[in-house]
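Reviewing the structure listed below.
Throughout, a chain's letter reflects where its sequence line sits, starting with A, and its residues are numbered from 1.
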Protein chains: 2
Amino acid sequence: MATQAAAATAEASSSVPSTADRILDAALAVLARDGVAGVSMRAVASEAGVAVGLANYHFESKTAMICAALERIGDRDIDLVTPRDIDATPAEQLRECLHRAFDPSFLDASYLSLRLQLWSLAGVDSVYAEINQGAQRRYLDGLAALIDAARPDLSQPGAARRAADVLIEQNGVWLTAILVPDQAAIDRALARCEALAFDPL
Amino acid sequence: MATQAAAATAEASSSVPSTADRILDAALAVLARDGVAGVSMRAVASEAGVAVGLANYHFESKTAMICAALERIGDRDIDLVTPRDIDATPAEQLRECLHRAFDPSFLDASYLSLRLQLWSLAGVDSVYAEINQGAQRRYLDGLAALIDAARPDLSQPGAARRAADVLIEQNGVWLTAILVPDQAAIDRALARCEALAFDPL
DNA sequence: CAGACTGTTGAACAGTCGTTCAAACTCGTG
DNA sequence: CACGAGTTTGAACGACTGTTCAACAGTCTG
């Protein structure tokens, strides 16, 4: 089910996911379940229900396959700061996006586990680090743009500053949500995020 | 040098670290540098300058060795909420501990990388998850005790609530510090931590 | 139908993995 | 010196790793 959902986000245009996409979904599933150490070409192929050789046919190497899988995580992050209701006011859009990042369906164990895997990979290999930094930067830019649109009273660097503060708060919640879940603390963090974004100064 | 420092914390009593300690230090060094996937018995033994078999002589298995190494990270976290100056007032102790967690020497890349590895392992294997949860709980308790002592006006659950909020903020900074370093944002987060701990209510 | 092309399979290769173990080494004690 | 207990070594084992590749299936073109 998680596999289908991920495939749907990745290939919204065509209803039936390509083999390469099915392999990537399998890679993400294995990564979330067993961690980096559990990701072998055979495990991924088996999860996808294909033969070993096929993974190497669609991806140049194991590293390339993992990179492609990690890009997907970044893509899903960008969705978080992409307004859904284009008719809403900028302030409403910003508020909705802030809430979205704290939604229980997003604070889901397997997705947060994936984030953690991406982050830990980024700290170790420069190839993965670039993917992660790119995703973080795009996310930060998207957040800053949202705040900029919702707060005409702020300067552009002022909006960027608030975006950086919100990101720290969100990263803290995302991390803590996996380790020691505490819904009340999450709610208070959401309130702080809104304050960081909306409070005058 | 990092190895020596870690060994010193681990074996403060005797000046020369035991072989088991040297192996654990090596394991942490490899873990921080190459990540979970890079930790093999051979790599650790080579880093420690000993033969392969010796690691298995001192530790029952690879998992047991990693567990022992991870316990050390938790121990170092507890130091963060252990007051150094016992003559200082509780409020001073609390403030000093809050600052300590944001000190550049603590926000060091290799140590944060270690934390990340621990966290990602915790999301995957229950053995590591218990170690991590234990460490987080002890840290949270220590922080709550500090706040409790510094704020006689707060109830005990009130202090625990503030500790949880501070933890989210700190986790956010620790994570963001690795991914997109931003000293100004870190300083603002520290200010928020102090506010969370000291503001009346 | 022949041919070319893409997709797919699974056996095979050379490594590396965790773990075991006989052998060697070190040291304090008899 | 000899003995035994505690350390340390590195070769060896079987299982698993990423990658390659000949073989096969399917489809479309001429």
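- Annotation for B:C193 and B:L98: closest pair O-CD1, 4.1 Å, computed over non-hydrogen atoms.
- Residue pairs meeting the side-chain hydrogen bond (donor to acceptor under 3.5 Å, both in side chains) criterion with at least one member in residues 130-155 of chain B, sequence neighbours excluded: B:Y139-B:Q170, B:R151-B:D153.
- Computed from coordinates, the B:N56 CG to D:dG10 P distance equals 15 Å when rounded to whole Å.
- Residues B:V173 and A:N171 have side chains not in contact (no heavy-atom distance under 4.5 Å, counting atoms from C-beta outward).
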Take A:T82 and A:D79 through the test side-chain hydrogen bond (donor to acceptor under 3.5 Å, both in side chains) and record every step on the way to the result. CA-CA 5 Å; A:T82 306; A:D79 286 346; 4.7 Å; no
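- Ranked by how close their nearest DNA chain D nucleotide is to the 5' end, A:E60 and A:A43 are led by A:A43.
- What separates CD1 of A:I23 from P of D:dG18 is a distance of 14 Å, to the nearest Å.
- Where B:Y57 and A:A20 meet DNA chain C, the nucleotide closest to each residue was compared, and A:A20 sits on the side nearer the 5' end.
- Residues B:R192 and B:D199 are not paired through a salt bridge, judged by the lack of any N-O separation under 4.0 Å between the basic side chain and the carboxylate.
- Against DNA chain D, the stretch residues 32-40 of chain A makes heavy-atom approaches under 4.0 Å through A:V39, A:S40.
- Relative to the ring axis of B:F198, B:R95 places its NZ or CZ within 45° and under 6.0 Å from the centre.
- Between A:Y128 and A:W119, every side-chain heavy-atom pair lies at or beyond the 4.5 Å cut-off.
- Salt-bridge annotation for B:R161 and A:D182: absent, with no side-chain N of the basic residue lying under 4.0 Å from a carboxylate O of the acidic one.
- A straight line from CG of B:L54 to P of D:dT7 spans 10 Å, rounded to a whole angstrom.
- Reading DNA chain C from its 5' end, the first and the last nucleotide to sit under 4.0 Å from a heavy atom of chain B are C:dC17 to C:dT20.
- D:dC16 atom P lies 18 Å from atom CE of A:M41, rounded to whole Å.
- Distance from the side chain of B:V52 is smallest for D:dG10 among the nucleotides D:dG10, D:dT8, D:dT19.
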